[in-house]
Amino acid sequence: MKITKYILSFIFLLVVLCAEAQQLRKEAFGLLNLDYPGLEKVKAAYDRQQWDEAAKALLDYYRQRTGIGHPDIDMQNIKISKEEQKWADDALEHTFFVHKGYQPSYNYGKDINWQYWPVQDNELRWQLHRHKWFTPMGKAYRISGDEKYAKEWAYQYMDWIKKNPLTEVEKEEYELVSAGEVKGNAENVRFAWRPLEVSNRLQDQTLQFLLFVSSKAFTPEFLTEFLINYHRHALHILGNYSDQGNHLLFEAQRMVYAGAFFPEFKEAGEWRKSGISILNREIKKQVYPDGGQYELDPHYHLAAINIFCKALRMADVNGFRQEFPTGYVNTVKSMIEFYANICFPDYSNPCFSDAKLGDRPAEIRNYQDWLKLFPDCEWIRYYATEGREGAPLPNLSHGAQTSGFFTFRNGWKQDATVMVVKAGPKGEWHCQPDNGTFEFWFNGRNLFPDSGSYVYAGDDEVMKLRNWFRRTSSHNTLTLDGKNLQTTQSVTKLWKPEGNEQILVTENPHYDGLKHRRSVFFVDQSYFVIVDEAVGNAQGVVNLNYHLCEGTVNIDRKNNMLTTVYDGPSNVKLQCFAEKKISMKEKEGWRSTAYRLRVLRTTVSFDIDKKDSDAVRYITILYPSKNTASFPIFKAKFLNKAFDENGVKIEISVGGKKRQLEYKL
């Protein structure tokens with residue numbers, strides 16, 4: 001046993017020494033333009049083949065380099081949060097912060113196992129290779145001056161290189177969403193070298209370079225290793241850009257960072273040009289004329305804004321803003337306007353598709369960053385200062401008809417009534433089959449939050465969870481037999497955002513033999529009446545699904561009615577009416593507030609058995625109130641006795657007051 005322990009200890013010591021060993025890599029100099037201003041001493045030593053002297057001169061150059069700006073850090077005012085400090089300290093013991101959805105963080109072993117996969121969720125494996133704890137380690141080093149952070153960072157950096165060699169795999173294997181298809185070294189490569197993760201490291205290593213370059217652990221030998229590895233990363237992205245979507249945007253923006261921050265590389269100009277070219281092309285392709293990003297997901301819309309803005313800020317601090325045309329900048333501003341219009345007074349965004357709930361301080365910081373790019377914009381200033389300066393957008397209700405996002409709004413403050421409806425074209429990967437769904441905010445509470453996504457991709461168990469949140473019946477919309485939509489291509493038939501009866505009429509094909517027309521009336525800028533019509537020859541059970549927020553909800557099956565009794569002055573009464581017999585069912589209900597976080601909530605469906613070609617039609621009244629004792633009595637009926645392609649006419653009674661609601665196309 002003792003001999004075995006000695007052997008294991010010796011092997012581990014060899015591994016550590018191997019990881020810590022930094023060889024002077026002569027080939028690093030061949031990657032650089034040694035005629036670049038400031039590299040004269042490096043070139044002279046290189047010409048004499050005095051490699052040690054050349055490496056030392058190169059490190060001296062980088063430690064003293066000026067003229068290259070970085071928009072993401074102020075080296076004279078470095079700050080570290082308690083959370084970041086914990087990540088840095090935990091990393092010393094190889095407990096790595098990888099994903100907020102998996103806490104406490106996992107330990108990856110004294111001899112780091114970069115292939116450790118405790119839960120078969122692809123995100124946990126992919127995001128390990130983003131090295132999120134490296135930059136906090138750099139901040140901890142600069143603030144404390146303690147070399148232990150720099151020494152450990154250099155060790156982990158070299159250990160990662162040695163244990164994650166880049167070998168060729170098929171490009172499509174990088175984006176496989178389920179586990180098990182790829183074996184051997186390729187299985188690791190598809191996680192460690194997926195272009196999105198590579199680009200993440202490409203960007204963050206510019207910060208880590210600044211934070212650690214002055215340390216003793218950052219030796220001339222390590223510098224040559226770093227430069228070769230960094231160059232390998234850039235070339236990998238250049239040859240393996242993602243085909244589309246937000247991944248392509250991230251990769252392009254980070255190539256701009258690489259080319260701008262390391263102009264000494266021979267190909268730096270090509271990297272920067274490549275990134276800018278893609279961003280200039282994709283902003284026209286991925287952003288609709290109304291400012292919506294084509295994944296139709298508020299979270300990734302926000303990410304796209306910040307991608308485009310980060311490229312602009314890097315250009316600004318390094319003097320190449322002119323490489324972005326005016327149209328690019330104007331489109332970014334239209335994207336910000338789109339986002340402001342779909343968000344609620346607490347700065348949260350609807351959790352449509354794979355969107356996350358967001359964080360108020362982070363959202364305000366976004367507006368503060370955007371204000372730096374658009375200092376004359378009064379409505380950005382308003383949201384950046386929480387209303388203390390500037391003025392809100394001049395509109396209240398707003399329709400982005402190409403993207404299919406519609407907002408009914410009676411104000412911008414906490415006590416406002418706001419409904420956001422999603423009914424647009426087919427979206428990209430992060431979009432869910434949820435056409436017609438909505439979120440409804442009243443007086444400080446989101447009463448009907450969307451389901452969110454919970455998780456992204458992985459083995460069968462992970463995908464089962466994802467698919468539950470993603471399915472159509474988990475949204476505030478209509479289904480047939482609880483099935484997912486076959487077609488997601490909504491058409492706006494009418495949008496009337498003014499007056500006492502604001503109206504949205506949208507129509508989606510839904511299923512073979514069954515289309516869904518949803519008409520939303522915003523009455524007196526106070527409450528909502530929704531008319532749902534399921535039209536076609538298809539037969540089955542038509543389900544009208546509603547999902548409330550967490551809290552106590554009283555269910556009255558006899559009257560097809562729900563009344564909430566939440567704490568605080570924000571409640572709602574929902575009552576559903578139909579021409580045919582309704583069967584009201586309470587179902588399992590959840591919403592996801594963040595990755596792998598979910599809360600229970602009340603979910604019901606109003607079901608009607610459709611046995612023939614006659615349309616199934618519902619009227620739902622959604623009436624919010626600050627006081628649950630003040631809910632009025634509702635009545636509702638159709639005045640047009642059958643579905644009419646050209647319009648609808650209904651009569652409602654709220655607290656004994658009758659009124660007719662109608663539209664004609």
Side-chain angles (χ1 to χ4, degrees), residues 421 423 432-438 440 447-448 450-451 467-488 506-520 528-549 553-564 572-591 600-623 634-638 641-643 648 650 652:
V421 182
Q432 297 180 2
D434 58 359
N435 290 47
T437 195
F438 65 86
F440 177 15
L447 295 164
F448 289 82
D450 210 61
S451 58
N467 291 335
W468 191 96
F469 285 86
R470 187 180 185 276
R471 65 183 185 171
T472 306
S473 60
S474 293
H475 300 88
N476 295 309
T477 190
L478 183 142
T479 54
L480 179 65
D481 294 326
K483 296 177 182 177
N484 285 343
L485 301 186
Q486 293 174 320
T487 306
T488 54
T506 182
E507 194 170 279
N508 190 69
H510 261 44
Y511 308 96
D512 293 339
L514 193 77
K515 71 177 181 181
H516 173 213
R517 178 179 289 185
R518 168 160 278 184
S519 307
V520 183
F528 292 90
V529 178
I530 301 176
V531 178
D532 288 287
E533 299 172 284
V535 185
N537 295 321
Q539 297 182 20
V541 178
V542 177
N543 330 105
L544 183 58
N545 306 286
Y546 287 111
H547 308 264
L548 290 88
C549 66
V553 179
N554 293 328
I555 299 175
D556 180 349
R557 287 182 172 81
K558 181 180 177 181
N559 293 299
N560 300 311
M561 184 169 69
L562 306 172
T563 51
T564 67
V572 66
K573 176 180 176 180
L574 178 156
Q575 192 166 5
C576 191
F577 303 86
E579 302 158 304
K580 300 180 180 180
K581 183 180 178 181
I582 295 176
S583 174
M584 180 183 174
K585 294 182 180 178
E586 186 173 2
K587 299 183 176 182
E588 180 184 11
W590 298 92
R591 74 174 177 113
L600 277 168
R601 59 169 173 177
T602 298
T603 287
V604 300
S605 68
F606 297 99
D607 297 345
I608 295 177
D609 194 4
K610 187 176 185 299
K611 299 178 179 179
D612 51 37
S613 61
D614 290 347
V616 169
R617 305 194 295 169
Y618 302 86
I619 300 170
T620 305
I621 300 177
L622 295 172
Y623 193 96
F634 302 154
K635 294 180 181 179
K637 63 181 180 180
F638 285 94
K641 297 304 180 183
F643 173 74
V648 76
I650 64 173
I652 63 168

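Considering all non-hydrogen atoms of both residues, F634 and Y623 come closest at CZ-CB, 3.2 Å. When all heavy atoms of K610 and N537 are compared, the pair lying nearest together is NZ-C, 4.0 Å. Across every non-hydrogen atom of D450 and R601, the tightest pair is C-NH2, 3.8 Å. Here the closest heavy-atom approach between residue A578 and residue R617 is recorded as CB-O, 3.4 Å. Taking each heavy atom of R518 and N476 in turn, the nearest pair found is NH1-O, 2.8 Å. Nearest heavy atom pair, residue A615 against residue V535, reads CB-CG2, 4.1 Å.
In this structure a side-chain-to-backbone donor-acceptor pair under 3.5 Å is present from T472 to L485. With T564 contributing its side chain and V572 its backbone, the two residues share a donor-acceptor pair below 3.5 Å. Looking at H547, its side chain does come within 3.5 Å of a backbone N or O of H475 through a donor-acceptor pair. Looking at Y511, its side chain does come within 3.5 Å of a backbone N or O of K483 through a donor-acceptor pair. Checked by atom type and distance alone, the side chain of D612 pairs as donor or acceptor with a backbone atom of D614 at under 3.5 Å. Judged by distance alone, with hydrogens and angles left aside, the side-chain atoms of N543 form a donor-acceptor pair with the main-chain N or O of G482 at under 3.5 Å. S451 places a side-chain N or O within donor-acceptor distance of the main-chain N or O of F469, the cut-off being under 3.5 Å.
Surrounding NZ of K637 are at most 12 heavy atoms belonging to other residues, nucleotides or ligands under 6.0 Å away. Heavy atoms from other residues, nucleotides or ligands lying under 6.0 Å from NZ of K580 number more than 12.
Between F448 and F438, the ring planes are tilted. Angles from 30° to 60° get that label.
In this structure, CG on N508 lies 7.0 Å from OG1 on T506, to the nearest 0.5 angstrom. The OG1 atom of T487 lies 14.5 Å from the NE2 atom of H516; values are rounded to the nearest 0.5 Å. Taken to the nearest 0.5 Å, the OG atom of S473 stands 12.0 Å off from the CG atom of D434. Within the model, atoms CG of N559 and CE of M584 stand 10.0 Å from one another, a figure rounded to the nearest 0.5 Å. Within the model, atoms OG1 of T603 and OH of Y546 stand 13.0 Å from one another, a figure rounded to the nearest 0.5 Å. Taken to the nearest 0.5 Å, the CG atom of L478 stands 7.0 Å off from the CG atom of L514.
Within the 4.5 Å cutoff, the side chain of K585 has heavy atoms near those of the D607 side chain. Side-chain contact check for L574 versus F606: some heavy-atom pair is nearer than 4.5 Å.
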> Stepwise, does the side chain to side chain contact (heavy atoms under 4.5 Å, CB included) test hold for T437 with Q432?
Replying inline: CA-CA 10 Å; T437 195; Q432 297 180 2; over 6 Å; no

> Under the side chain to side chain contact (heavy atoms under 4.5 Å, CB included) criterion, do N560 and F577 qualify, and how do the steps go?
Replying inline: CA-CA 7 Å; N560 300 311; F577 303 86; over 6 Å; no

>> What verdict does the side chain to side chain contact (heavy atoms under 4.5 Å, CB included) test give for E586 and I555, after you've listed the backbone C-alpha separation in whole Å, the side-chain angles of each residue and the deciding distance to 0.1 Å?
In response: CA-CA 9 Å; E586 186 173 2; I555 299 175; 3.2 Å; yes

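Judged purely by distance below 3.5 Å, without hydrogens or angles, the side chains of N435 and T488 never pair a donor atom with an acceptor atom. A side-chain N or O of T479 and one of N545 form a donor-acceptor pair less than 3.5 Å apart.
Every residue meeting the side chain to side chain donor-acceptor pair (under 3.5 Å) condition with E507, not counting sequence neighbours, appears here in chain and number order: K515, R517. Remark: S474 pairs with R471 by the side chain to side chain donor-acceptor pair (under 3.5 Å) rule, at least two apart or across chains.
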